[in-house]
Amino acid sequence: MTVSRRLFVTAAAGLAVTGIPEPAAASGGDPRYRIPVSPDDTEAALVRKASQVRPTARQIAWQSLERTAFLHFGVNTFTGLEWGTGDEDPDVFQPARLDTDQWAAALKDGGFKLAILTVKHHDGFVLYPSRYTGHTVASSSWRDGQGDVLRSFADSMRRHGLKVGVYLSPADENQYLHGVYANGSARSERTVPTLLEGDDRSPDRFYTLPATDYGAHMLNTLYEVLTEYGPVDEVWFDGAQGHIPPDKVESYDWDSWYTLVRALAPAAAIAVTGPDLRWVGNESGIAREDEWSVVPVKENQYGRTDWALSYDTPDEGSRAALVKAQPVTDYLQWWPAECDVSLRDGWFYHADQQPKSVDYLTEIFFGSVGRNAVLLLNVPPDTDGLLHGTDVVRLREFRERIERELPRDLAQGARRTTASDRVTLDLGREREVDRIRLAEDVRHGQQVESFVVEAFRDGAWTEVTGAGTIGASRILLLSAPVRARRWRLRVTRSRSAVRVGEFGLYRSEV
């Protein structure tokens with residue numbers, strides 16, 4: 001159940017103690033993003049509660065991005081590994097031609113709205129000069145030890161109009177070697193930031209939170225990243241443990257980490273081991289055919305938001321899934337899916353790999369954005385510190401392909417009629433359609449359980465296509481164009497009143 005905690009804030013005016021229950025801290029003060037489940041809830045009660053769950057403002061903003069980018073970059077780029085060891089010589093990091101403006105320009109040209117940098121991967125190597133570890137860019141001869149990839153990255157992304165995300169691996173092979181990570185230390189009150197000898201900071205407030213030795217290390221790392229590099233829009237945690245003995249598993253201080261992120265970056269979505277966004281459950285970039293944003297969750301390991309059902313179950317949120325998960329469910333929560341996949345086979349750059357084809361990327365787009373999820377596409381910088389030219393071209397081709405798949409919306413300016421369970425469009429004349437894009441107004445929750453799209457042809461309404469969920473985005477591809485003047489979306493089952501936010505009709509130019 002919910003882990004109640006307190007956040008102690010020391011400010012210039014004195015010591016203030018504020019009680020922050022986990023739901024408010026996690027949701028930013030909106031209690032509707034998660035609703036408690038009772039062991040006595042019937043199926044009808046579960047469905048009613050699910051219909052009442054609403055996304056937070058940050059979740060709505062994140063879902064509207066649709067295409068986001070990952071940038072896996074670090075010592076692995078130079079060692080050829082996918083999972084580092086923690087004892088790498090920092091001097092191996094030598095991106096002699098680093099150009100983060102090139103990254104940003106290529107991503108923007110590819111249609112991306114946000115980029116996430118692996119500031120610290122499992123090896124523990126940090127892409128900025130941290131005060132709390134020597135395993136950083138400052139220990140490399142690159143740029144005479146004065147390099148700061150995170151600074152350059154954040155500045156470039158904002159300069160090109162992209163939002164900034166940071167990946168901080170909870171696992172840390174380097175800190176394990178130094179006896180900090182997974183050392184069995186007990187949780188105790190830790191003050192953040194922990195000022196060191198010669199520290200150049202004069203914080204106007206400090207945070208006292210429960211943490212292990214390593215949990216405190218992560219809190220200090222988060223504090224640096226979230227206070228010294230400008231606004232951050234997504235903080236990405238995974239759940240990896242590292243290559244450590246089974247009896248050395250570190251119980252992460254999720255509650256404290258979430259609380260500090262909320263305090264320092266209140267607009268940032270916390271993914272994917274976090275309360276805002278969940279991992280879709282695979283690394284193929286493909287969501288479920290019916291992807292629910294309202295799913296049953298439980299809490300464990302100091303407030304970690306976790307699946308009530310398995311992360312890879314094919315059904316996370318239907319009526320049957322709500323009932324199946326009830327015995328272990330703490331809440332029904334707005335927890336939308338993020339679909340991560342790499343442009344190349346590996347997450348880090350390998351010269352012998354090639355980017356996926358435009359056709360493959362297009363399938364991924366329709367399987368993620370087209371199924372109520374957000375695409376997170378990894379584009380790994382190479383050993384020069386650049387996005388490879390082949391990848392840059394592929395990103396542009398991908399954006400141009402999606403623009404041809406979904407050109408001008410033929411429903412713009414159409415006469416629209418809305419009834420309780422249907423929306424009808426009159427285009428004014430017959431038009432050929434082979435792509436249909438739908439969206440609920442998710443400010444009112446996710447309600448549609450099944451629907452059909454119909455065209456008025458030969459004096460009668462004829463079913464053209466149909467599916468289960470809609471959510472924030474559903475894109476349906478017709479096998480052949482259908483010509484009609486009048487089109488209708490008809491909801492055949494829902495949890496509560498449906499608000500349709502988008503009913504778009506397209507004729508592909510591919």
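Computation of the quantities below employed the complete heavy-atom set of this structure, encompassing side-chain atoms and omitting hydrogens, waters and symmetry-equivalent molecules.
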Audit row: Y252, Y302, ring-ring contact (aromatic ring centres under 6.0 Å, His included) steps and yes/no: CA-CA 7 Å; Y252 296 134; Y302 306 124; over 10 Å; no
Give the intermediate values and the outcome of side-chain contact (heavy atoms from CB on, under 4.5 Å) for residues R67 and L377. CA-CA 8 Å; R67 275 175 278 181; L377 180 66; over 6 Å; no
With side chain to side chain donor-acceptor pair (under 3.5 Å) as the test, would you mind laying out the steps for R437 and S473 before giving the verdict? CA-CA 7 Å; R437 181 159 191 168; S473 177; 3.2 Å; yes
With salt bridge (charged side-chain N to carboxylate O under 4.0 Å, His left out) as the criterion, how do R401 and E397 come out once you've worked through the C-alpha distance, each side chain's angles and the decisive distance to 0.1 Å? CA-CA 6 Å; R401 172 65 175 271; E397 292 172 338; over 6 Å; no
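Between the side chains of T118 and H72, no donor-acceptor pair of N or O atoms lies under 3.5 Å. S318 and E449 are not linked by any side-chain donor-acceptor pair at a separation below 3.5 angstrom, with hydrogens and angles left out of the test. Side-chain polar atoms of E299 and W254 form no donor-acceptor pair below 3.5 angstrom. When only modelled atom types and interatomic distance are considered, W236 and E338 share a side-chain donor-acceptor pair under 3.5 Å. In this structure, a donor-acceptor pair under 3.5 Å is absent between the side chains of Q59 and Y33. Side-chain N/O atoms of D312 and S310 include a donor and acceptor closer than 3.5 Å. There is no side-chain donor-acceptor pair under 3.5 Å between S51 and S496. With 3.5 Å as the limit, one finds a donor-acceptor pair spanning the side chains of H388 and T390. Under the 3.5 Å distance criterion, with hydrogens and angles disregarded, a donor-acceptor pair is assigned to the side chains of S293 and N372. Between Q175 and H135, the side chains place no donor N or O within less than 3.5 Å of an acceptor N or O (distance only, hydrogens not considered).
To the nearest 0.5 Å, atom CZ of residue F125 and atom OG of residue S140 are 6.0 Å apart. Atom CZ of residue F70 and atom CG of residue D340 lie 6.5 Å apart, to the nearest 0.5 angstrom.
Here the closest non-hydrogen pair linking F112 and L162 is O-CG, 3.9 Å. In terms of heavy atoms, F398 sits closest to T362 at CE1-N, 4.1 Å. When all heavy atoms are compared, the tightest approach of D315 to R288 is N-NE, 4.3 Å.
The side-chain heavy atoms of I364 and K356, taken from C-beta on, include a pair separated by under 4.5 Å. Q102 is listed as a side-chain neighbour of V392, based on a closest heavy-atom distance under 4.5 Å. Counting only heavy atoms from C-beta outward, the side chains of L150 and V166 approach each other to under 4.5 Å. Taking 4.5 Å as the limit, every side-chain heavy atom of L264 sits out of range of all side-chain heavy atoms of L222.
Using a 4.0 Å cut-off between charged nitrogen and carboxylate oxygen, E289 and R371 count as a salt-bridge pair. Taking 4.0 Å as the cut-off between side-chain N and carboxylate O, D290 and R474 count as a salt-bridged pair. With respect to R435 and E405, a salt bridge is recorded, a charged nitrogen being found less than 4.0 Å from a carboxylate O. Ion pairing between a basic and an acidic side chain is recognised when a charged N comes within 4.0 Å of a carboxylate O; R97 and D384 show such pairing. Salt-bridge check for R507 with E432: passed, with a basic side-chain N closer than 4.0 Å to an acidic carboxylate O.
Other residues, nucleotides and ligands contribute only 12 or fewer heavy atoms inside 6.0 Å of the CZ atom of R443.
Side chain of N174 to backbone of G86: a donor-acceptor contact under 3.5 angstrom is found. Without hydrogens or angle criteria, W347 side chain to E82 main chain gives no donor-acceptor distance under 3.5 Å. D276 places a side-chain N or O within 3.5 Å of a backbone atom of I270 that can act as its donor or acceptor partner. Here the side chain of Q446 pairs no donor or acceptor atom with the backbone of A472 at under 3.5 angstrom. In terms of modelled atom types and a separation under 3.5 Å, the side chain of T77 and the main chain of F73 share no donor-acceptor contact. Remark: the backbone N or O of S141 is paired with a side-chain donor or acceptor of D91 at under 3.5 angstrom. A donor-acceptor contact shorter than 3.5 Å is absent between the side chain of E173 and the backbone of G124. Between the side chain of Y214 and the backbone N or O of P170 there is at least one donor-acceptor pair closer than 3.5 Å. In this structure, the side chain of K120 engages the main chain of S169 through a donor-acceptor pair within 3.5 Å. Between the side chain of E502 and the main chain of L438, no donor-acceptor pair closer than 3.5 Å is present.
Using the six-membered ring where Trp is involved, W335 and W307 have ring planes that are tilted, between 30° and 60° apart.
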